[in-house]
Amino acid sequence: MKFVRESTGLVKEFGTFDVFALNFSFLGPAAGIAYPLFISAFLPNSNWILAVIISSLLMLPLTINYYILSTNIPRSAGDYIYVSRALGPRIGIMVGMSLITAFSMGFPVLAMLEVIMVIIPALQLIGYYLNNNSIISLANVIMNSNVYLFALTTVFIIVSFLLSFKGKVYAKSVSYLTILQLIGGIISLIGLFMMKGKSITDITVPQLNGQTFALASVFALSLFAFSNAPSFFAGEVKRKRNIFFIGYILSYAIATLFTLLFVLAIEYGIGKDEYITYTLQGWNLPIYTGSTLSFLALPFLKSPLLFLVIASGLTWYLLYAMINVSASSRLLFSMSFDRVLPEFLSEVRNGIPVNALLLTLLSSMLFNFIEVYLGLSVSFAIDGLWFLTWNYLVVSIASLKLANLDRRLLITAPLSILGLSTVIISTIFYVLTYPTFGNVILQGNVPFDIFTVILPPLIGLITYEVSRIERKKEGIELELIYKEIQPE
């Protein structure tokens, strides 16, 4: 069997730290703790520390599973490649198109989070530091205007794409922004621990109960499940010893450590009950308390270090977004290379599938208008459970059929399925058991929730059938293409 080209045209731009940075920033501990800690207000008997430990252990097999897959099949758009080669083109294309659609629909969410959770509190913090009420007022105006929110999310999307249009620029941007995030995180931790709001003996003793398990599920849906960023770029990773071990396992370990330290620092420096009270009821400062940034910056309200903490915060959702958009472009590119999508999507310039990137930009702009300007939103639980099921669970099942490449998959794949199933089942169980908790994480637009669940796989199924018919007209059996793994 022959390929249209002997190589994909993608360039191996990612070095060891670049791969580490991709996964660490995709996990994003500083941003990832915000929603779980907010939800903990509705789970008053939950233990933050134990929830983090349980969640990280549940998702660890999935991380190791991806490490083994990327090591044995180092191809970009890894999730699509794994599933399509193991389970066939129909399911593979459905997963690939579902991910593309999900990333496009999720991009405006990231843009909105950047504005609400970072830019607005950043302006308020700067206004407070400078004693300038005009800056604080501007932040409040933005918060209450869909037009301003839409304008800023549009700018955010454009910036994310501009940083992704050249391979070298993208790789270096991810690395430098991650370094800034790490520095800001370390400074914030030092500041919070120095506040000494509580005695170390006041920190809650770990106590295992149903509410802690419920919170652990939220941590998984918000943070620990997202440990597969290198798989989308594996074909562009330089062949260096242990590069995927550092990219997956070491980054996961350090992200887990940062998460634990952030949780401990907030309990120690501010207090768990105080944090929840401030989050729900506000405080006597003109600063939004729904953002983690406000609390991480609290020790530096009168220090120039405040600006470094703010700069670090600006990287949180920007890095998420940059990975999302580039992952989508690799999926489009890979399916084009497999002759499922039009050939122009596999055109590569400057090491980037440029037309695929532009198509991702257009679809993201469309959903930005729908979700931000029109105000439609998907619930956290529906979005998270859908993603765990359609992406990670299917990849884990596919891994069983790929065990001939590496027998370790016979261990990691079942454990991944067990961990994911535990999160999915426990989330559903505790939604039913704790109605207040359920009402919060299910909050969203119900018709749009249904739309987001049905649309992605439906687009995938239609894409498969149209592609199969078109290739048959050319005398090509689509199934035969998937007997081979794409070249590098």
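Quantities reported herein were computed from a predicted structural model and do not represent experimental measurements.
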Should we count [atom1] of [X] as having more than 12 external heavy atoms under 6.0 Å?
X: Asn144; atom1: CG; result: yes
X: Lys238; atom1: NZ; result: yes
X: Phe226; atom1: CZ; result: yes

**Prompt:** With no hydrogens and no angle check, is any side-chain donor or acceptor of Thr212 less than 3.5 Å from a backbone partner on Ser46?
**Reply:**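 Such a contact is absent between Thr212 side chain and Ser46 backbone.
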**Prompt:** Any donor-acceptor pair under 3.5 Å linking the side chain of Tyr80 with the backbone of Leu332?
**Reply:**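 Not at all, since once roles are kept as given, no pair shorter than 3.5 Å links the two residues.
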Please tell me whether [X] and [Y] have a donor and an acceptor in their side chains that are separated by less than 3.5 angstrom.
X: Ser70; Y: Tyr248; value: yes
X: Asp79; Y: Tyr392; value: no
X: Ser328; Y: Thr360; value: no
X: Ser76; Y: Glu236; value: yes
X: Gln124; Y: Asn140; value: yes
X: Thr452; Y: Asp383; value: no

**Item:** Within the 6.0 Å centroid threshold, strictly below: Phe17 and Phe20
**Value:**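 Phe17 vs Phe20: aromatic centres under 6.0 Å.
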**Item:** Centroid separation Phe307 to Tyr129 less than 6.0 Å
**Value:**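 Yes, ring centres under 6.0 Å apart.
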**Item:** Intermediate values then yes/no, ring-ring contact (aromatic ring centres under 6.0 Å, His included), Trp48 and Phe262
**Value:** CA-CA 10 Å; Trp48 291 0; Phe262 279 132; over 10 Å; no
**Request:** Compare every heavy atom of Phe232 with every heavy atom of Arg330, then report the nearest pair and how far apart it is.
**Result:** CG-O, 3.4 Å
**Asked** Parallel under 30°, tilted from 30 to 60°, perpendicular over 60°: which one fits the rings of Phe380 and Tyr35?
**Response**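 Taking Tyr35 first and then Phe380, their aromatic rings sit tilted (interplane angle of 30° to 60°).
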